[in-house]
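Letters A, B, ... are given to chains in the order of the sequence lines, protein chains preceding strands, and every chain is numbered from 1.
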Amino acid sequence: MIVDTLSQLVRAALHGAASDGVLRLDDVPGIDFERPKRKDHGDFATNIALVVARGTGKPRDVAQALIERLPASDVVDAVEVAGPGFMNFRLSAAWLHDVVRRAAQHSSDFGRHSVGVGTKVNLEFVSANPTGPLNVVSGRHAAVGDAMARLLEAVGYGVTREFYVNDAGRQVEIFARSVEFHYLKRHGVDVAWPEDGYRGDYVAELAETIARESGDRFVDMSDDERLQALAAVALDKELSGIRSTLERFGTHFDVWFSERQLHANNSIKQAVETLEAKDLIEQREGAKWFRSSEFGDDKDRVVVRSNGTPTYTASDVAYILDKVARGFDQLIYLWGADHHGTVPRLMAAAEALGIGRERVKVLLVQIVSLSSGAETLKGSKRAGVYVLLDDLIAEVGVDAARYTFLTRSIDAPLDFDIALAKEQAPENPVFYVQYAHARISSILRRADEQGIGVDAASAPLGLLTHPSEDDLMRKLVTYEEVVLEAAEALAPQRITRFVEELASTFSAFYRDCQVLTEDAELSHARAVLCVATRRVIADGLALLGVSSPERM
RNA sequence: GCGCCCGUAGCUCAGCCGGAUAGAGCGUCGGACUUCUAAUCCGAGGGUCGGGGGUUCGAAUCCCUCCGGGCGCGCCA
């Protein structure tokens, strides 16, 4: 990458300056490059002179000395001292053209990196309770998690997308009882409505479906049997609904991991034994406590209740052990911010079990609150109040929905107003970006009709001298750094930003430079610039899971 | 009370591993369609980056503190 090349040049200059006695180098500091916000500050800038001149008061002199000692390079056009002592690099046209050619070649690895090659990542996200259809909260998680996975893959990681299915425990039981209520009622048997039962209409509909498909065969079972049977059928149906919603949303999971399985195959019992073997468990008041407070948690946690049943914490321990046993190097959990209280205990478990905190990353997606107009709704499946992801998709489409979720950082709370989302759907910035793509596609169709070449290797890019052409080329080539930064920061919104800026820069080019002209050479060069731009827009949108239409 | 997150333009938010004159979209106002897609473009207006202190050559960004908002603090999941 270009910044590596630049770093080498600067490092050589640093050593040169040191051996000339211009400055003292106790240790070679890390050399950082940034892309200046202002165009006249060049393509890349480094503050290294400010860093090494700390305390001398003469950073500009140091910068000048470094510039004089920079080895010659055909990628650098000019370097100048600026401001308090920055070194601003302007890169050569030859370099710029090489990168544009690479971007224009569809088979090239432009925008791909290899930092993650050989590292297996488990990224768990959504993991919504299978006790009802997905709502927009899960939509945000799905969009963000999937985009993160795509980013990680773009930089070389092997990513497994995983959905943890909470198909055990109390919520499932309440859900099953809620279904049972409607089911039995339909068969003329009245039972009491379960405490905290699930209120949504879908529960009655589900019971209806089950009654239609299975008849009355659950009615005469024992309570336990019936509950188990209904739970199995109901969860299965909800889960397949969730799965198809996610597929429709463009989010495919590699692994659907069942919590129930952890119980069934003794994993939880073994996990507790593992903790016991490490002397991390103590008996208190008939329960088994994991001494998580020794590992940074604010208190110890019960893993097995006094009645002998394991807690959710025990499942978490068993689950993380299972992930590690499956050979993952990195474990990423994407959780709702309302679960942040459980992060310390998971990290405590990771440390106590010798997994290591650095292998585990818990990312918290801030709360999604729902509103409709002025009214604030509480998004809870149990209360039966929510905005379905399916409805959102139907109203605004997959692209606009995903894009909206991916414009903000996961740290920003999201107040989701379904009415507003519908109303604003037509002015969603995603269409701006897609429009640029469609427009380029249209130009290239015409170019093809007119027999204008789009061969990247032979295109005379030296003809691209207009400021808008220069801006577009320089914007394009930053994509490589943007992808790497976005992946490292797990920040898909940076891609969203970038594609908007790129589309905007393209629009300026489109305004100023007619692509298809009388001049075949110039048309060729501009067409190749269009090809490169289209490729990067499509690639960026693909990282977001958003489509790139040829026509709009 | 303790912990985590947030506070940036009228609104919704980027920017936050310190960097040069703080950005975008929407909204408002004023312009531009016989020319490759006007789902577009150009221009204007709009800011004590919550307040205060500190570190630094340099702070929206790091530290402390206060204020405001959200969330969480179960042998629930």
(message) Checking contacts here: which listed nucleotide (B/U37, B/U12, B/C71) is nearest the side-chain heavy atoms of A/R408?
(response) B/U12
(message) Quick check for you: to the nearest 0.5 Å, what is the distance between A/N135 atom CG and A/H141 atom NE2?
(response) 9.5 Å
(request) Please answer whether B/G19 and A/F86 are stacked, defined here as ring centres separated by less than 5.5 Å and planes angled under 30°. (result) no
(message) Could you tell me how far B/C57 sits from B/C11 if I compare only their C1' atoms? Round to whole Å.
(response) 38 Å
(message) Going by purine N1 to pyrimidine N3 plus the second Watson-Crick contact, or the G-U wobble pair, all under 3.5 Å, which nucleotide sits opposite B/A60?
(response) none
(request) Please report the C-alpha distance between A/D297 and A/R301 in whole Å, then the side-chain angles of each, then the deciding distance to 0.1 Å, and finally whether the salt bridge (Lys or Arg N to Asp or Glu O under 4.0 Å) criterion is met. (result) CA-CA 9 Å; A/D297 200 357; A/R301 304 291 168 179; 2.8 Å; yes
(request) Report yes if some heavy atom in the side chain of A/T313 is under 4.5 Å from a heavy atom in the side chain of A/V302; otherwise report no. (result) no
(message) Assess the residue pair A/Y432 and A/Y435 against the criterion (ring-ring contact (aromatic ring centres under 6.0 Å, His included)); give the C-alpha distance rounded to whole Å, side-chain angles, the decisive distance to 0.1 Å, and a yes or no.
(response) CA-CA 5 Å; A/Y432 178 83; A/Y435 183 68; 8.0 Å; no
(request) Would you mind telling me which of B/G74, B/C75, B/C26 lies closest to the side-chain atoms of A/Q424? (result) B/C26
(message) I want to verify a distance call: between B/C75, B/U37, B/C42, whose nearest atom is closest to the A/R511 side chain?
(response) B/C42
(request) Taking only the side-chain heavy atoms of A/Y510 (C-beta and beyond), determine which of B/U37, B/A24, B/A77 contains the nearest atom. (result) B/U37
(message) I want to know whether A/Y319 and A/Y164 have ring centres closer than 6.0 Å.
(response) yes
(message) Ring centroids only, cut at 6.0 angstrom: are A/F175 and A/Y198 within range, meaning strictly under it?
(response) yes
(request) Round to the nearest Å and state the distance from A/D316 atom CG to B/A77 atom P. (result) 11 Å
(message) Starting the side chain at C-beta, find the nucleotide from B/G15, B/C36, B/A20 nearest to A/R38.
(response) B/A20
(request) Among B/C57, B/C73, B/A77, find the nucleotide with the atom closest to the side chain of A/D298. (result) B/C73
(message) Suppose you measure atom C1' in B/C62 against the same atom in B/C17; what distance do you get, rounded to whole Å?
(response) 10 Å
(request) Could you work out which one of B/A77, B/G27, B/U40 sits closest to the side chain of A/Y435? (result) B/U40
(message) Using salt bridge (Lys or Arg N to Asp or Glu O under 4.0 Å), reason through A/E501 and A/R497 one step at a time and then give a plain yes or no.
(response) CA-CA 6 Å; A/E501 288 165 8; A/R497 278 283 148 173; 5.7 Å; no
(request) Side chain of A/R497 only, please: which of B/G15, B/A24, B/A20 is the nearest? (result) B/A24
(request) May I have the distance from A/L50 (atom CG) to B/C57 (atom P), rounded to whole angstrom? (result) 11 Å
(request) Could you state the atom-to-atom distance from CZ of A/R140 to C1' of B/C71 in whole Å? (result) 13 Å
(message) Give me the distance, rounded to whole Å, that separates B/A22 from B/G47 when you measure between the C1' atoms they each carry.
(response) 9 Å
Can you list, pair by pair, the side-chain donor-acceptor contacts under 3.5 Å of residues 332-345 of chain A, counting residues two or more places apart and other chains?
residue	atom	partner	partner atom	Å
A/H340	ND1	A/A337	O	2.9
A/T342	OG1	A/H339	O	2.7

(message) Rounding to an integer number of Å, can you tell me how far A/E259 CD sits from B/C76 P?
(response) 14 Å
Using a cutoff of under 3.5 Å, can you pull out all pairs of nitrogen or oxygen atoms linking the protein to nucleotides 5-8 of chain B, with atom names and distances?
residue	atom	partner	partner atom	Å
B/C5	O2'	A/Q366	NE2	3.2
B/C5	O2'	A/D411	O	3.4

(message) I want to verify a distance call: between B/A77, B/A20, B/C71, whose nearest atom is closest to the A/I367 side chain?
(response) B/C71
(request) Tell me which of A/G286 and A/S441 sits closer to the 5' end of RNA chain B, going by the nucleotide each one is nearest to. (result) A/S441
(message) Give me the distance, rounded to whole Å, that separates B/C42 from B/U48 when you measure between the P atoms they each carry.
(response) 27 Å
(message) In whole Å, measure the gap between the P atoms of B/C5 and B/A14 for me.
(response) 15 Å
(message) Say we look at B/G23 and B/G70: how far apart would their C1' atoms be, to the nearest angstrom?
(response) 26 Å
(request) Compare the ring of A/H340 with the six-membered ring in the base of B/G72 and state whether they stack (centres under 5.5 Å, planes under 30°). (result) no
(request) Could you check whether A/A438 gets within reach of a base, just the sugar-phosphate, or nothing at all, counting any heavy atom under 4.0 Å? (result) base
